[in-house]
Amino acid sequence: LLTSERVFTDLHDWIKYGEPEQIVLREFDPNLSMDYEFRAFINNNKVNALSQYDHYSIFPHVEREKDKIQKTILEQWKLVHPH
């Protein structure tokens, strides 16, 4: 955790602004690149929005695959959360 820039930034903001914070531990996957990391915003068990995790960067190849990526994420959501 101490070498993760994400954890550092999140904890720094938590200390500075006092906002609630979560720490999520995931298995490291060296094949996962940030251009294919996304966040899903859920309300009432429904996916309301999707966004790329790295909102500071533009990935043209991801834009070209938008529909396929959205479909895959929504299919995975239904598998892990069948409500």
Side-chain angles (χ1 to χ4, degrees):
L1 289 176
L2 297 177
T3 60
S4 169
E5 183 178 342
R6 283 190 198 167
V7 172
F8 172 81
T9 302
D10 288 346
L11 292 176
H12 178 267
D13 288 349
W14 177 56
I15 291 167
K16 187 173 181 179
Y17 302 110
E19 296 179 6
E21 197 56 57
Q22 299 177 29
I23 296 177
V24 178
L25 302 176
R26 298 179 188 96
E27 181 179 347
F28 178 73
D29 182 351
N31 299 313
L32 181 63
S33 59
M34 286 189 68
D35 49 342
Y36 286 104
E37 268 190 272
F38 298 90
R39 288 182 173 172
F41 297 86
I42 314 296
N43 186 26
N44 292 325
N45 298 319
K46 181 181 176 199
V47 176
N48 293 301
L50 298 170
S51 70
Q52 71 183 49
Y53 184 86
D54 183 6
H55 56 279
Y56 294 111
S57 299
I58 298 172
F59 303 107
H61 61 284
V62 172
E63 175 63 29
R64 289 189 295 272
E65 298 179 53
K66 177 185 170 212
D67 293 336
K68 179 182 174 187
I69 292 168
Q70 179 178 329
K71 181 178 182 238
T72 301
I73 292 171
L74 293 175
E75 286 172 352
Q76 290 301 309
W77 167 252
K78 288 177 186 173
L79 283 176
V80 299
H81 200 277
H83 293 80

query = With hydrophobic residues grouped by side-chain heavy-atom distances under 4.5 Å, do Ile73 and Ile42 end up in a single group?
reply = yes

task = Answer yes if Val62 and Leu74 sit in the same cluster of Ile, Leu, Val, Met, Phe, Trp and Tyr residues linked by side chain heavy atoms under 4.5 Å apart, and no otherwise.
result =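 Yes, same cluster.
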
query = So Glu65 and Tyr36, side-chain contact (heavy atoms from CB on, under 4.5 Å) or not? Walk me through it.
reply = CA-CA 10 Å; Glu65 298 179 53; Tyr36 286 104; 2.8 Å; yes

ask   = With no hydrogens and no angle check, is any side-chain donor or acceptor of Asn43 less than 3.5 Å from a backbone partner on Phe41?
value = no

Which distance, rounded to the nearest 0.5 Å, do you find between the [atom1] of [X] and the [atom2] of [Y]?
X	Y	atom1	atom2	answer
His81	Gln76	NE2	CD	14.5 Å
Lys66	Gln52	NZ	CD	12.0 Å
Phe38	Ile69	CZ	CD1	4.0 Å
Leu50	Gln70	CG	CD	6.0 Å
Arg39	Asp54	CZ	CG	10.0 Å

message = Can you tell me how the ring of His61 sits relative to the ring of Phe59, calling it parallel under 30°, perpendicular over 60° and tilted otherwise?
response = perpendicular

request  = Output all residues satisfying side chain to side chain contact (heavy atoms under 4.5 Å, CB included) with Pro60, sequence neighbours left out; order by chain, then residue number.
outcome  = Ile58, Arg64

